[in-house]
Amino acid sequence: MNEVRTRFAPSPTGYLHIGGLRTALYTYLIARKNHGTFILRIEDTDQDRFVEGAVELIYHTLKLVGIEHDEGPDIGGPYGPYVQSERKPVYQKYAKKLVDLGGAYYCFCTEERLNHLRETGGHHGTFRYDGHCRNLPREEVERRLQAGEPYVIRQKVPKTGTTTFQDELFGTITVENSTLDDGILLKSNGMPTYNLANVVDDHLMKINPVVRGSEYLSSTPKYNLLYETFGWEIPRYIHLSPVMREPGKKLSKRDGDASFEDFYKQGFLKEAILNYVALLGWSPNDNREFFTLKELEEVFDIRGLSKSPAIFDINKLRWMNGEYIKKQDPEEFHEMALPWYKKAGLPENMDLRRVSSLVQSRTEVLNEIPAMISFLAELPEYDAALFIHKRSKTTVENSRENLAKAIQVLDKLPDWTEGNIQQALNDLIASLGLKNSLVFWPVRIAASGQKVTPGGAVEILGLLGKQESMRRLRIGLEKLKAAGGPE
RNA sequence: GCUCCCAUGGUCAAGAGGUUCAAGACACCGCCCUCUCACGGCGGUAACAGGGGUUCGAAUCCCCUUGGGAGUACCA
């Protein structure tokens with residue numbers, strides 16, 4: 001059996017989209033699972049679409065998530081160069097060879113003629129090259145070439161018959177050759193199109209299987225025709241179904257576009273993103289859903305790949321991210337959370353490790369942290385109505401009474417620790433013979449000014465320190481007094 | 001328009017003709033835990049797109065319809 005060599009071949013046109021990341025992942029896993037080689041190739045034959053810094057971003061992202069290539073532009077390898085723009089002469093050589101073999105031909109049609117054809121050809125998308133230059137006499141071709149006329153090299157697709165190929169996932173696919181266009185292989189600027197470059201490079205770099213998005217499914221027959229006229233062995237194919245967004249629900253700029261980089265910056269863990277993406281269109285043969293990259297390298301199997309498009313569900317990613325966060329070592333979480341505490345403006349002297357212990361189990365995405373804890377930095381404006389909570393049986397009246405008593409007790413505490421606070425409040429509750437919530441609820445509300453908080457009254461008071469706590473509790477009491485009701 | 005591909009709950013999906021009057025996960029709902037929320041525990045709602053075949057038997061095979069995706073560029 002031949003060595004497995006797969007390649008991830010992105011175009012440097014911007015950030016790495018989630019779908020692209022998944023393609024990279026699967027391609028990588030197929031190589032690793034088979035103890036093969038994983039190659040990175042940059043497909044930059046369209047210089048107009050080149051985006052500055054895109055290549056670096058690809059390196060960075062792949063490295064960050066741990067998808068490391070064995071051959072590629074930055075590390076070299078026996079089949080380089082791995083950047084298509086640097087392989088220009090190679091394509092020209094093979095394009096001409098193709099002409100000699102009768103699988104392609106020179107075409108001198110101008111942009112204008114083609115546009116005219118398009119306009120008069122009926123509906124959009126119905127254009128097919130009319131074969132104008134398909135059978136030009138050899139002498140005429142030579143003459144025009146000599147004259148320096150701009151040209152393009154087109155594939156000469158048979159007019160009749162069918163072409164069939166096998167896809168490991170989709171099975172046998174057959175198309176009528178008559179539906180295939182004489183596509184351009186070599187552009188007038190001497191650069192190849194994908195149609196030529198992928199075939200030449202995959203062959204020269206001994207890529208097998210060829211793994212790519214399903215958007216190439218319908219053009220694969222044309223590539224096979226090329227392999228055939230070259231007399232090259234046709235590779236195995238694995239086409240991957242796409243990842244889509246929720247229909248009608250475009251991800252806004254605010255949510256961040258669906259690039260790895262954006263999610264990462266928002267506070268999604270790289271392991272969680274990779275794990276989620278792995279499961280988008282693939283499932284293991286059991287019900288497991290938590291995998292490290294290393295584990296995926298062991299268990300990945302293309303039989304688990306799905307043929308239908310998968311919709312990216314941010315909800316499940318969030319959940320999975322939350323699971324990863326919960327499983328994090330507390331110290332590790334603390335380190336990751338720190339920048340977000342700064343963003344929330346927490347006081348320098350606050351016990352941030354304690355904050356972390358309260359926040360870790362409540363965080364799905366790191367960027368929710370500031371909103372969750374900003375009340376610790378500053379008491380929000382709030383209404384006395386917050387003191388009313390049906391289930392805790394609190395009212396403005398009893399809150400006023402109990403908060404006042406709590407203030408008395410707490411004010412006397414010499415040593416402001418959670419343990420002491422808890423003890424003092426418990427004692428108070430016991431002496432009054434009340435339900436816990438009757439005291440804890442108003443205290444927590446006054447301390448935080450929020451209905452929902454990470455941690456309870458005791459933890460919050462502990463974090464705030466005595467001075468700030470007492471200040472807030474008294475503000476709460478004033479609010480309650482102002483809210484009226486019988487004394 | 002034409003060509004190719006796909007089709008199990010809102011989403012990801014298991015299921016490769018009979019042990020499935022269809023797993024699991026997210027989301028949602030309820031209960032428990034509880035000083036709020038979250039966590040955790042327990043339970044629930046929810047699907048084989050429709051119609052024809054084939055077969056003793058179909059989510060599983062075939063056809064049609066419908067829906068979705070892709071291609072139809074001197075983009076990849």
Side-chain angles (χ1 to χ4, degrees), chain A residues 9-11 13 43-46 48-49 84 107 109 111 114 118 122-128 150 152-154 167 169-171 173-176 178-181 183-195 197-198 212-221 239 241-242 244 246-247 276 279-289 303-304 306-320 322 326 358-364 372 386 389 391-392 394 422 425 429 435-445 448 450-460:
Chain A
S11 298
T13 54
E43 309 217 326
D44 61 344
T45 53
D46 184 1
D48 291 342
R49 295 205 308 159
Q84 289 187 327
C107 173
C109 290
E111 197 85 46
L114 261 20
R118 257 184 279 266
H123 298 297
H124 300 293
T126 56
F127 171 76
R128 299 263 309 281
V152 112
I153 291 180
R154 283 185 185 273
D167 182 272
L169 236 187
F170 290 93
I173 293 173
T174 302
V175 298
E176 300 275 342
S178 61
T179 66
L180 269 18
D181 196 18
I184 290 170
L185 300 176
L186 199 71
K187 311 184 210 180
S188 56
N189 66 4
M191 276 291 190
T193 61
Y194 176 85
N195 303 131
N198 91 84
R212 61 174 38 146
S214 64
E215 64 266 29
Y216 296 108
L217 215 41
S218 49
S219 49
T220 297
H239 285 91
S241 56
M244 302 192 306
E246 192 91 38
Y276 173 69
L279 260 19
L280 242 197
W282 176 79
S283 65
N285 54 19
D286 55 19
N287 275 333
R288 251 183 97 184
E289 50 185 357
R303 278 177 297 187
S306 167
K307 287 193 274 192
S308 38
I311 293 173
F312 183 86
D313 184 4
I314 185 75
N315 234 348
K316 186 148 187 180
L317 206 213
R318 294 182 64 91
W319 165 79
M320 182 161 273
K326 270 173 246 161
L358 296 176
V359 157
Q360 185 166 5
S361 72
R362 284 166 243 253
T363 305
E364 282 197 329
M372 214 185 307
L386 264 194
H389 183 66
R391 235 194 55 163
S392 301
T394 60
Q422 179 88 55
L425 257 19
I429 287 163
K435 184 172 159 17
N436 280 356
S437 57
L438 245 23
V439 170
F440 282 119
W441 179 274
V443 171
R444 190 179 61 83
I445 294 299
S448 67
Q450 272 181 196
K451 185 174 182 183
V452 172
T453 56
V458 174
E459 290 88 346
I460 294 168

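What you are looking at is a predicted structure, and each value in this text was computed from that prediction instead of being measured. Protein chains get the first letters and strands the later ones, always in sequence-line order, with residue 1 at the start of each.
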**OP:** Return the value, rounded to whole Å, for the distance between atom CZ of Phe312(A) and atom P of C26(B).
**Re:** 17 Å

Original post:
Rounded to the Å, how far apart are Leu279(A) CG and C26(B) C1'?
Top reply: 11 Å

Subject >> C4(B) - base-pair partner by Watson-Crick or wobble geometry, distances under 3.5 Å >> reply: G69(B)

**OP:** Quick one: sort the Tyr216(A) and Tyr194(A) rings into parallel, tilted or perpendicular, breaks at 30° and 60°.
**Re:** parallel

Original post:
Is a donor on one side and an acceptor on the other found under 3.5 Å between the side chain of Ser11(A) and the backbone of Glu43(A)?
Top reply: yes

**OP:** May I have the distance from Lys316(A) (atom NZ) to G24(B) (atom P), rounded to whole angstrom?
**Re:** 13 Å

Subject >> Least distance between heavy atoms, Lys326(A) atom then Gln360(A) atom >> reply: O-NE2, 3.9 Å

Subject >> Atom C1', compared across A46(B) and G9(B): separation rounded to whole Å >> reply: 5 Å

Original post:
If the C1' atom of G17(B) is compared with that of C48(B), how far apart are they to the nearest Å?
Top reply: 15 Å

Subject >> Atom pair distance, as rounded to whole Å: CG in Leu280(A) and C1' in C26(B) >> reply: 12 Å

**OP:** Sugar-phosphate atoms are those with a prime plus P, OP1 and OP2; base atoms are the rest. Using that split, label each nucleotide of nucleotides 32-40 of chain B B, S or - for protein heavy atoms under 4.0 Å, 5' to 3'.
**Re:** --BBBBBSS

Original post:
Should we count CZ of Arg288(A) as having more than 12 external heavy atoms under 6.0 Å?
Top reply: yes

**OP:** Sort out the partner of C48(B) for me: Watson-Crick or G-U wobble, both distances under 3.5 Å, none otherwise.
**Re:** none

Subject >> Same-atom distance (P) from C6(B) to U45(B), integer angstrom >> reply: 34 Å

**OP:** Searching all strands shown, indicate the nucleotide that pairs with A13(B) (Watson-Crick or G-U wobble; both distances under 3.5 Å).
**Re:** none

**OP:** Indicate, with a heavy-atom threshold strictly under 4.0 Å, whether Thr13(A) touches base, sugar-phosphate, or nothing.
**Re:** nothing

Original post:
Which value, in whole Å, describes the distance between the P atoms of nucleotides A7(B) and C61(B)?
Top reply: 9 Å

Subject >> Student check: side-chain heavy atoms of Pro309(A) and Pro242(A) closer than 4.5 Å >> reply: yes

Original post:
Quick check: are there more than 12 heavy atoms from other residues, nucleotides or ligands sitting under 6.0 Å from NZ of Lys451(A)?
Top reply: no

**OP:** Check for a donor-acceptor pair, side chain of Ser241(A) on one end and backbone N or O of Ser306(A) on the other, with a separation under 3.5 Å.
**Re:** yes

Subject >> Pairwise P distance for G51(B) and C2(B), with rounding to whole Å >> reply: 26 Å

Original post:
In terms of the nearest nucleotide of RNA chain B, which residue is placed more toward the 5' end: Asn315(A) or Pro284(A)?
Top reply: Pro284(A)

Original post:
Which one is paired to C31(B), where only Watson-Crick or G-U wobble pairs with both distances under 3.5 angstrom count?
Top reply: G41(B)

Subject >> Length of the CG-P vector between Asp286(A) and A23(B), whole Å >> reply: 18 Å

**OP:** Please confirm whether the backbone N or O of His389(A) pairs with a side-chain atom of Thr394(A), one donor and one acceptor, at under 3.5 Å?
**Re:** yes

Original post:
Could you give the CG-to-P distance, from Asn198(A) to G71(B), as a whole number of Å?
Top reply: 15 Å

**OP:** Check the distance between U11(B)'s P and Met320(A)'s CE and give it to me in whole angstrom.
**Re:** 19 Å

Original post:
Using purine N1 to pyrimidine N3 plus N6-O4 or O6-N4 for Watson-Crick, or N1-O2 and O6-N3 for G-U wobble, both under 3.5 Å, which nucleotide pairs with U60(B)?
Top reply: none

**OP:** Answer yes or no: is there a donor N or O on one side and an acceptor on the other, between the side chain of Thr45(A) and the main chain of Met191(A), under 3.5 Å?
**Re:** no

Subject >> C1' atoms of U19(B) and A76(B), separation to the nearest Å >> reply: 49 Å

Subject >> Closest-nucleotide ordering on RNA chain B, the 5'-leading residue of Asp181(A) and Tyr276(A) >> reply: Tyr276(A)

Show each protein N/O and nucleotides 74-76 of chain B N/O combination with a separation under 3.5 Å, one pair to a line.
unit_1	atom_1	unit_2	atom_2	d
C74(B)	O2	Ser188(A)	N	2.8
C74(B)	O2	Ser188(A)	OG	2.9
C74(B)	N3	Ser188(A)	OG	3.0
C75(B)	OP2	Lys187(A)	NZ	2.6
C75(B)	O2'	Asp46(A)	OD2	3.2
C75(B)	O2'	Arg49(A)	NE	2.9
C75(B)	O2'	Arg49(A)	NH2	2.9
A76(B)	OP1	Thr45(A)	OG1	2.6
A76(B)	OP1	Asp46(A)	N	3.4
A76(B)	OP1	Lys187(A)	NZ	3.0
A76(B)	OP2	Tyr194(A)	N	3.1
A76(B)	O4'	Arg49(A)	NH2	3.4
A76(B)	O3'	Ser11(A)	OG	3.2
A76(B)	O3'	Glu43(A)	OE1	2.7
A76(B)	O2'	Ser11(A)	OG	3.0
A76(B)	N3	Tyr216(A)	OH	3.0

Original post:
Any idea which of U72(B), U3(B), A23(B) is nearest the Asn287(A) side chain?
Top reply: A23(B)

Original post:
To the nearest Å, how far apart are Arg288(A) CZ and A23(B) C1'?
Top reply: 18 Å

Original post:
Across all strands, who's sitting opposite A22(B) as a Watson-Crick or G-U wobble pair, both distances under 3.5 Å?
Top reply: none

**OP:** Encode nucleotides 4-9 of chain B as B, S and - characters from 5' to 3', where the letter depends on protein heavy atoms closer than 4.0 Å: B to the base, S only to sugar-phosphate, - to neither.
**Re:** SSSS--

Subject >> Donor-acceptor under 3.5 Å (Arg128(A) side chain, Leu180(A) main chain) >> reply: yes

Original post:
How far, in whole Å, is A25(B) from C5(B) if one measures between their P atoms?
Top reply: 35 Å

Original post:
From Gln450(A) CD over to Leu386(A) CG, what is the distance, rounded to the nearest 0.5 angstrom?
Top reply: 9.0 Å

**OP:** For G52(B) versus U20(B), give the span between their P atoms, rounded off to a whole number of Å.
**Re:** 27 Å

